Amino acid sequence: MNKALVISPEKCTGCHACEMICSLTHDDECNFNLSRIGIMKTSGGGTNENIPTVCQQCREPLCADACVMGAISRNEETGALLVNEDLCVGCKTCVIACPLGGVLYHYVKECGMKCDLCDGDPECVKACLYGALEFLPMDEWGRKKRLRGAETLTRILEIVYK
Amino acid sequence: MKVIVIGNGIAGFSAASSIRLLNRECDVTMISAETTPLYSACVLPDYISGKIPRERVFVKTIEDYERLGIQTLFGREVKEIDPIAKKVAMDNGQHRSYDNLILAAGSEAIVFGETKQGMFRLKTLNDADEILKHNGKKAVVIGAGAIGIEIGIALYTKAYDVTIIEMLDQILPLGLDQKGADKVKGILEEHGIKVFNGERAETIVGENRVEGLVTNKRELECDTLIWAVGMSPRVGLARQAGIEIGDKGGIRVDSHMETSISGIYGCGDCVESNDILTGEAYLNLFWHNANRQGSVAGRNCVGLPADYPGSQNVLNVDVFGNHVAGFGFTEATLQRFQDIDALRGKISDLSVIERERNGSYYRLVILGDRCMGGQFINIDEGVGLLWSLMFRRRSIEELSRIVRNEELICHRPWFRPIRPFLM
Amino acid sequence: MKVGGYAGQVLFVDLTREKIEKEPLDLDMARKFLGGFGLTCKFAWDLLDPKADPYSPGNMIFMGMGPMLGTAAPVSSKHSVMSKWPSTGSIAPGTTGGDFGINVKLSGYDGVIVKGKAKRPVYIKINGDDVEICDAGDLWGKDTYETTDMLWEKHGRNYAVIAMGTAGERLVNTTICFIDKISSWGKGGLPAIMGSKNLKAFIACGNKGVKISDPKRLLERTHMILERFENYPDYQKLVDLGTMDGFAGWADIHGMSMDNWRGRYPTAEAYRLYGPEYYLENIKAGRISDPTCPIGCKDHVKVKKGEYTGTEAWVSSFYGRVVHMAARCQVGSYEKAVKAQEFFQRSGLCIHSYTALIDWAVELYERGILTKKDTGGVALKHDFETTMYLAEQANKHEGLGGILSQGFNKAIQDIGRGCEKYAVQVKGMEPLYDPRINRLTGPEFNQVVNPRGAHAPQGCITLYMSKDLPAEQYRPWLEDRGVPQEAFGRIFPRPGYFNIARMTPYGEDWVAFMNSVGMGCLRGRVDNFFKGEDWLEIYSAVTGFETSLAELRQASRRIYNLYKALNVRLGFSKKDDVFPERWFEPLETTDRGTLVLCDYFGTPLNKKDCEKLLNDYYDERGWDSETGIPTEKTLKECDLEDVAKDLKKRGFIKK
């Protein structure tokens, strides 16, 4: 089963480590604008107010559909959708097609830029000790979510019935 | 099973390759008048301007077809379809039989008047090569749609003196309203490209070569004339085969991309497709629509049902470093509609949200409670999200309520990127 | 070799002439002073007129962003601001984390220097190459949270905002700025300085990158450091508690003084009212982290029940603020502490400084030195009402609260009547740690000698030296951080003992080092996971310059001596390095008996002992023991010849 980059925004503290590591490993410099993952910060920055945003490697990718050069295709091993920089002409149609802001524009190389799952070993996941980013097989993620849901429900029931 | 795909544009290739990815047993033959593997017509202006070399125009190689097991008959034209015998006749007299047929014949550039030296259109790679061979100095581009603007900029980059004329009062009529269009016009004029609105081409001056153009307002001297007034679906084959043609001029297809004749599918520029916003049939002749239609047609062709969600009108051009984007309907287009019922709203319910800030501009066109279109200059963030919310028919009032309320949006953080548009 | 780390530019903003200039960064100077705090010292030495009045257009604001700031290196977030502080008259740094520094660095600047005075309220906007002085008309009169929200609304949430509150507009000295509502910066009156310049805020959004000389090397070391955090069994607990991991420290093991240094906050009370479980259940709303810190400890707090339900605040050291509200102000509950905190933060009052003044004022009132005439009819007590009353007055810069809010120096002048006898302050700033309770360790001792004033906790060897560990426990840290071998004989003169006065300089230098390169944190919860070689590796990987810990320590020593020289030029000397009188009085506690000033090993210290320690400190520092001023020899050793010349010319150095 393919693994997916799973985000838990409630654990994100807005520390930017993922953004710094991503741009470092891909472009040899630390730069928010060259990071394929971005922290969307909202108001004060408390719980659920730092949202890591990154390509979700959709099954039916809107970006690949829209690409007039067919430059976006899937790496079957990692499941990641990759931009072929030799084909890309930098028209940015993929950027406006993606509803998540998962595909961005690399302003230096002048082509589409997106998460490539670091060839199956995502750096951002390793940089986030808070657990906001995990690289999990889908069934494991399902179990984790259900467990969290059960814990929340238990707490609610305790309050209601105490 | 034998499948024949007529056409080697993105629709045809998408259909053929999606069949192949799902089904290795059936026979897939692609017949196309084109002699080269798939290339992207959308990037031809970049090729003309010199931004990309010729090799980069190609999207696939011949090996890609071989690897996919698509038999190719390039440089061949299909002359006739016999839907009863399930056979196609080619220009060399040969016949091929099929079990299912996919029509992806594409569209043609609309041109008026006799062909003269110096007169061009821009649809195929061949057209682009011809333009490049021509050593002109002064160009007039007829039509200020996306293609007209792009070719105008490309020629300007090649040091041509460029004039763009447009019949309507604004440029980019399919994607922008007057205000946005005038901004883009301003950018073009700033760079020295002349743009004339409300200007109709009347007579081409010159015997064998283009020497000028007479419009309803003036005489323009030029040695290069480019027709960019639109594309018309290639439906000759279909009509002759008895396939129903819609009243917009394209082949009629259902949501499985099947034509009126069972076993014959259509996709790409030659069909009229149901718009994702209204459900009504339009000619939304764009690469991304053709791409998706092709894969839907392919799947249905080999017995794997798939529904086409609908086609999208999208504008995306770079005007001297300014990113101009749009989707859906403009206010002007909605005003002109006869079939208001399809929109489930009254023209009196039409309203607009627009804002300009620091070199960026956007306009949302709202009908009742639904957003029907968006226009953006130099804004990338949130556009895709807004678009996807639009064609999922989300209520603008509900979205506004959510983004304005800190509590609500805290639990729906995925809506944050559209906040700047609705606040 | 590709040079990385440094952005290569310094931004100069002249508010009077409304001019913005960018100067290339002198890389040799940058290497000599490392960057960040070091760079601000150098700029202040060269550009700031020592005679400048803190409120005058001639006073300048120097901000320094070190070479490691804005990189992927773990805990690379601290940056410095330096100015002449109105509350103390000293020239000193303020250090902070938060998003502002990295956004300035990622805009392409290693430093920002502001001078002059704007004609009308303005704020400075930094967005890469675009730097603008913008109109702040609608922000003036708004508190820090409102200002921040308005600027986010106008420019986007991805801008980092430094805001000063209404207190700063009214030139209140005991104020502090807030970055993104949470990170405090500029204790000593940055808001007042900004207020005097009509400068309401700074905002920054970076759009460039920090070049890295050897990316693989940086990545490798980053992984190595992160692994240590990951493998720590109590890691999650530390993240959950944030700064409240220090609760046992202040409530139990050490303690906080109260009643203006006349008592110790009872441990049982601390647990009853302010325990960590209560915090987790009813107060904590979220965890925020400084850039690239894997063990973030900043808080989003929100009162969940009771009278002040819904009160919300963002605090960089929740524990720190609670301690002040609990022990100094004795507000009586977490909820009231958050409520008070919210007011202080919104108005921009410095909780550290102002609560100490409130504490002092209550004693003055008890002694009849302040009467109802001074207080406006209100009886001053250690409670929430008094705290809020005086704070509100301070915010408006009126009444007794307003007088207190100018800091000890001015308040003592204005109140007179012998009130200075009861003021526990050094150079006009309030100490935090009571050496009678904590024993005289690094943080306590540094309060006496810090050129800024009694600022905690700049002189430490990882915060809070736990009591009763053998002296040798402190060797490894010193060795690991490159303390020269020859110093150990003096620091550890005999087994089972260390001389804190000789150890402190190496802690001070290390903090100066961290704040100059822009990586590291003096909180033990972070520092304990780092090794000295981490900085060496990362400094080289980022900048491309190969160096040694000894060289980096030399640079830090240089920086610290320059920092001291800045204040020598203002007239500070040994006479200002005082042990507050009250520390020599026994402390009667309700639950720990009587405590007296002791060294780490429990040996009581009298004034003569402290005098000796002070001389030991000067000696270790290479400063004249009569004057407390760096000697010419020391300055020359530090490659600060020009500084020595200047001090000689001004008559501060006689020999």
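In the text below, chain A, chain B and the rest are named by the order of the sequence lines, each starting its count at 1. The model shown is predicted, which means the values in this text are computed figures rather than measured ones.
- Expressed to the nearest 0.5 Å, how far CH2 of B/W414 lies from OG1 of A/T53 amounts to 12.0 Å.
- No part of A/A71 comes within reach of chain B, as not one of its non-hydrogen atoms sits under 4.5 angstrom from that chain.
- Atom CD of A/E77 sits in a sparse spot, with 12 or fewer heavy atoms from other residues, nucleotides or ligands closer than 6.0 Å.
- A donor-acceptor pair under 3.5 Å links the side-chain atoms of B/N291 to the main chain of A/D65, judged by distance alone.
- The contact between A/D86 and chain B is made entirely by backbone atoms, counting heavy-atom distances below 4.5 Å.
- Between B/L385 and A/L100 there is no side-chain heavy-atom pair separated by less than 4.5 Å.
- With a 6.0 Å radius and a threshold of 12 heavy atoms from other residues, nucleotides or ligands, A/K145 has its NZ atom at or below the threshold.
- Nearest heavy-atom pair across A/V89 and B/K51 is O-NZ, 3.4 Å.
- A distance of 14.0 Å separates CD1 of A/I96 from CD of B/E381, quoted to the nearest 0.5 Å.
- Between B/R56 and A/L87 there is no side-chain heavy-atom pair separated by less than 4.5 Å.
- Other residues, nucleotides and ligands contribute more than 12 heavy atoms inside 6.0 Å of the CZ atom of B/R24.
- Side-chain atoms of A/L62 and B/H288, non-hydrogen and from C-beta on, never get closer than 4.5 Å to each other.
- Chosen from B/I52, B/V383, B/V59, the residue pairing most often with chain A at heavy-atom distances under 4.5 Å is B/V59.
- The part of A/C88 that comes within reach of chain B is its backbone (N, CA, C, O), which places non-hydrogen atoms under 4.5 angstrom from that chain.
- Neither the backbone nor the side chain of B/Y39 comes within contact range of chain A, judged by heavy atoms closer than 4.5 Å.
- In this structure, the portions of A/M69 lying under 4.5 Å from any heavy atom of chain B include both its backbone and its side chain.
- Applying the 6.0 Å contact sphere to CD1 of B/I147 captures no more than 12 heavy atoms from other residues, nucleotides or ligands.
- A donor-acceptor contact shorter than 3.5 Å links the side chain of B/S40 to the backbone of A/V68.
- With a 4.5 Å cut-off on non-hydrogen atoms, B/V317 does not touch chain A at all.
- Neither the backbone nor the side chain of B/I10 comes within contact range of chain A; no heavy atom of the residue lies under 4.5 Å from a heavy atom of that chain.
- With contacts defined as side-chain heavy-atom distances shorter than 4.5 Å, the pair A/K92/B/D380 qualifies.
- In A/D119, the CG atom is not crowded: 12 or fewer heavy atoms of neighbouring residues, nucleotides or ligands sit closer than 6.0 Å.
- Between the side chain of B/W287 and the backbone N or O of A/C67 there is at least one donor-acceptor pair closer than 3.5 Å.
- The shortest side-chain heavy-atom distance between A/C91 and B/N316 falls under the 4.5 Å cut-off.
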